[in-house]
Amino acid sequence: MELKPIFKKIFSYKEYNISWWESPQFVFLVLGILIICTILISFFVGRNYLPFEYLFLIICFITIILFCLSYIVVNSFQNLAEANLMKTEFMNIVSHQLKSPLTNLKWLTEIALKEKDDGKNVGDYFEIIQQQNEKMLNLINNMLIAARFEQNRVIFNKEKLDLREITEKIIKKFRFKIEANNTKIKLNSPDHCKILGDYFYISQVIENLLENAISYSKGGGEVEVKIEKKDGRVRYSVKDNGVGIPKEDQNKIFQKFYRSRNVLKYQTQGLGLSLFTVKLIINKLGGKVGFKSKEGKGSTFWFELPLENNL
Amino acid sequence: MKKILFIEDEFGLQKSVSEFLNKKGYKVIHALDGELGLNLAITESPDLILLDLILPKMDGFEVLKHLKENKKTKDIPVIVLTNLESPEHVEKSLSLGATTYLVKSDYQLEDIYQKIKQQIG
């Protein structure tokens, strides 16, 4: 029997950044000693009053109950320690994701102030500053949406929204990213396509789908946004010719914090929350969401919602 | 004109640093991933390399290792410019041959320029 994994398990509390006496292993040891003591005391006291058979049954019963309780307590400790570790890791990842745009804001402001002192035009810098700001907002919005859904605190406004109009606004917002990736964007939509929905949440859905398509397109790639009206419903799809999703990762793609191995190779930024929030929002609005993808060929993500005049 | 290779996958950061260094009189060439960065280091022979650690396709440590193993690139000074700040990352980078380790958010562009100037003038 290999001893290394057992020792690793015993000393695993070090990974949780807690002291030894707070660790689930220590709690398990203390509870074990308590159970043994309880059994011995029950036996030595009880043998003066009860026949051996009754005493044996009672002690077995108490032992089982104590073991069940200990198991629950130790497991809860373990879960708490793990949750604490996950929280720390999550904070590390989020801080790192926010540090890039914040550093860029700091540097752009430094350049803009210097240029301003030299009497030069600094308009361009403000556009990049705005773009970095939007990037941070998008990240925070995805986290907020996921948290709101988990706490069941989501309230949708019902307003008339034009999907084409929102898409055009978002494409405009991404113009620097589109330019940097050398991506061609095609919008294929009727003049107006109205649904009833909440502007914030629907914009977040479109923004997440478009941002993914642009980010994971190879340099010089193409992204096609298609809006179609069919049988009282609207189908919104975003197609890219990017890196695609490996078959074995496809069933996990809408999971929280999931990022496909393939995607990690091409894009280091991202929390793995964007598709998770897309699914939550569209399902809550009574719609459907799906995708088809082939590794190396690209992906098409889509959602369907009822048209406004059908509601 | 001295040539700097900047290996960084964040387009915004790449743009601001390049613009700043161009104005200081350096020629800046970019790579958005580690693989491309390594190729450019071999073909372009820059005077200095600014290297991020979290990169697509090949991470910064791997790039650094290959740079120091290649005869053509082993003498090029490499400044690691990253937002990772744990002592293990610093230690690993320096042991692989990085000249300096800078945490992006701790420095102004002017400070980075001074560090570059110390290396290549």
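Quick note on labels: first sequence line is chain A, next is B, and so on, each numbered from 1.
- For B:K24, the NZ atom sits in a packed shell: over 12 heavy atoms of surrounding residues, nucleotides or ligands are nearer than 6.0 Å.
- Considering CG of B:L84 and NZ of A:K99, their distance stands at 8.5 Å, rounded to 0.5 Å.
- For a residue to count as touching a neighbouring chain, one of its non-hydrogen atoms must lie under 4.5 Å from one of that chain's; by this rule B:D59 does not touch chain A.
- Within 6.0 Å of NZ on A:K294 lie no more than 12 heavy atoms contributed by other residues, nucleotides or ligands.
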Step-by-step side-chain hydrogen bond (donor to acceptor under 3.5 Å, both in side chains) determination, A:T103 to B:K104: CA-CA 7 Å; A:T103 307; B:K104 287 173 193 166; over 6 Å; no
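- Taking CD1 of B:I54 as the reference point, atom OG of A:S100 lies at 8.0 Å (rounded to 0.5 Å).
- Residue-environment remark: CZ (A:F200) exceeds the threshold of 12 foreign heavy atoms within 6.0 Å.
- Counting all heavy atoms, side chain and backbone alike, A:K106 lies closest to B:S105 at NZ-O, 2.6 Å.
- Between B:E10 and A:K135 there is a salt bridge, since a side-chain N of the basic residue sits under 4.0 Å from a carboxylate O of the acidic one.
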N/O donor to acceptor pairs below 3.5 angstrom from side-chain atoms of residues 107-116 of chain A, sequence neighbours left out:
{"unit_1": "A:W107", "atom_1": "NE1", "unit_2": "B:Y107", "atom_2": "O", "d": "2.9"}
{"unit_1": "A:T109", "atom_1": "OG1", "unit_2": "A:L105", "atom_2": "O", "d": "2.4"}
{"unit_1": "A:E110", "atom_1": "OE1", "unit_2": "B:L109", "atom_2": "N", "d": "2.7"}
{"unit_1": "A:E110", "atom_1": "OE2", "unit_2": "B:L109", "atom_2": "N", "d": "3.3"}
{"unit_1": "A:E110", "atom_1": "OE2", "unit_2": "B:E110", "atom_2": "N", "d": "3.0"}
{"unit_1": "A:E115", "atom_1": "OE1", "unit_2": "B:K23", "atom_2": "NZ", "d": "3.2"}
{"unit_1": "A:E115", "atom_1": "OE2", "unit_2": "B:K23", "atom_2": "NZ", "d": "3.2"}

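- More than 12 heavy atoms of other residues, nucleotides or ligands shown are found within 6.0 angstrom of NZ on A:K252.
- Looking at B:N83, both its backbone and its side chain come within 4.5 Å of chain A, counting heavy atoms on both sides.
- Within 6.0 Å of atom NZ in B:K27, 12 or fewer heavy atoms from other residues, nucleotides or ligands are found, so the atom counts as exposed in its surroundings.
- Interatomic distance, B:F11 CZ to A:N104 CG, rounded to the nearest 0.5 Å: 10.0 Å.
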